[in-house]
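Worksheet for the structure shown next.
Values below: all heavy atoms of this structure, side chains included; hydrogens, waters and symmetry mates excluded.
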Amino acid sequence: MLDVFTRVTGTQPFGPLTLLTRSPVLIPRPETEDWTVRLSKLVKPTSQKPIQLLDLCTGSGCIPLLLCNLWPPGSVRAYGVDIGSEAVQLATENATLTGHRAPPANSPSHDASPRNTFRALHANIRDPDFVRTSGLRPPFDVITSNPPYIPKREYDALPPSVREFE
């Protein structure tokens, strides 16, 4: 059952970050946090050898934002794709909150210090042409994903408190 703290505050701790949460976007889970921290120790980007990361079904943006926070400044440019406009908005807000929001695609960056950035994009990953239509620029060095994995018939049978708030 969802922690009362998350329901009341509308936030969820995720590693050293505190992320905004709200329905209908799923709340980041401790298992996802653990997996992301493990990934951060396996992949070692540097500002001299930065990487591009793509997170599919990004939701709150928790995975790429935690990686942006854990990896050295200037070592990653992350993108998150989600079909839900609510998720894209929430991930963008979380990027701003954590200081990793990428500047708009058309604007020049005025920040001279290297930093890790994240941009959330609205796209349907089931569309065979989604990379081109979303404005993504491959190649990607790392692709992550933690999509919703509860089958529809099981989701529909969940208690309302779980289905509507978790």
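For the salt bridge (charged side-chain N to carboxylate O under 4.0 Å, His left out) condition, the pairs that include at least one residue of residues 122-138, sequence neighbours left out, are Asp129-Arg132.
When all heavy atoms are compared, the tightest approach of Pro138 to Val131 is CG-CG1, 3.5 Å. Nearest heavy-atom pair, Ile125 versus Cys57, reported as atom, atom and distance to 0.1 Å: CD1-SG, 3.8 Å. Between Ala87 and Val25, the shortest heavy-atom distance links the atoms CA-CG2, 3.5 Å. In terms of heavy-atom proximity, Ser47 sits nearest to Pro50 at O-CD, 3.5 Å. For the pair Gly61 and Ala91, the tightest heavy-atom approach, listed with the atom from each and the gap, is N-CB, 3.9 Å.
Between Ile27 atom CD1 and Phe14 atom CZ the span is 12.5 Å, to the nearest 0.5 Å. Expressed to the nearest 0.5 Å, how far CZ of Arg119 lies from CZ of Arg77 amounts to 9.0 Å. The CG atom of Leu17 lies 9.5 Å from the SG atom of Cys62; values are rounded to the nearest 0.5 Å. Taken from CG in Leu70 to CG in Leu65, the straight-line distance is 11.0 Å, to the nearest 0.5 Å.
There is a side-chain donor-acceptor pair under 3.5 Å between Thr144 and Asp55.
Without hydrogens or angle criteria, Asn94 side chain to Leu19 main chain gives no donor-acceptor distance under 3.5 Å. Judged by distance alone, with hydrogens and angles left aside, the side-chain atoms of His122 form a donor-acceptor pair with the main-chain N or O of Ile83 at under 3.5 Å. Of the possible polar contacts, one joining the Arg115 side chain to the Arg101 backbone as a donor-acceptor pair under 3.5 Å is found. Of the possible polar contacts, none joining the Asp82 side chain to the Val88 backbone as a donor-acceptor pair under 3.5 Å is found. The backbone N or O of Gly10 sits less than 3.5 Å from a side-chain atom of Thr21, completing a donor-acceptor pair. Ser145 places a side-chain N or O within donor-acceptor distance of the main-chain N or O of Leu56, the cut-off being under 3.5 Å.
Side-chain contact between Trp71 and Ile51: present, with at least one pair of heavy atoms (C-beta onward) separated by less than 4.5 Å. At least one side-chain heavy atom of Asn116 sits less than 4.5 Å from a side-chain heavy atom of Ser75. For the pair Thr98/Phe118, no side-chain contact is recorded, criterion being any heavy-atom separation below 4.5 Å from C-beta on. The shortest side-chain heavy-atom distance between Leu66 and Ser40 does not fall under the 4.5 Å cut-off. Leu67 places a side-chain heavy atom less than 4.5 Å from the side chain of Thr36. Contact of the Thr58 side chain with the Pro64 side chain is registered, since non-hydrogen atoms from C-beta on lie closer than 4.5 Å. Using a 4.5 Å heavy-atom threshold, the side chains of Gln52 and Leu54 count as separate. The side-chain heavy atoms of Gln89 and Arg22, taken from C-beta on, include a pair separated by under 4.5 Å.
Legend: residues meeting salt bridge (Lys or Arg N to Asp or Glu O under 4.0 Å) with Asp34, ordered by chain and number and at least two apart, are Arg38. Residues passing the salt bridge (Lys or Arg N to Asp or Glu O under 4.0 Å) test with Arg153, sequence neighbours excluded: none.
Val43 and Ile143 fall into different hydrophobic clusters, where Ile, Leu, Val, Met, Phe, Trp and Tyr side chains are chained together by heavy-atom contacts under 4.5 Å. Cluster annotation: Val142 is not connected to Val37 through the hydrophobic network of ILVMFWY side chains, with a link wherever side-chain heavy atoms come within less than 4.5 Å.
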Test log, rule side-chain contact (heavy atoms from CB on, under 4.5 Å), inputs Ile63 and Thr32: CA-CA 8 Å; Ile63 293 171; Thr32 306; 3.7 Å; yes
Verdict with supporting geometry, Leu136 and Phe130, side-chain contact (heavy atoms from CB on, under 4.5 Å): CA-CA 9 Å; Leu136 291 168; Phe130 93 91; 4.0 Å; yes
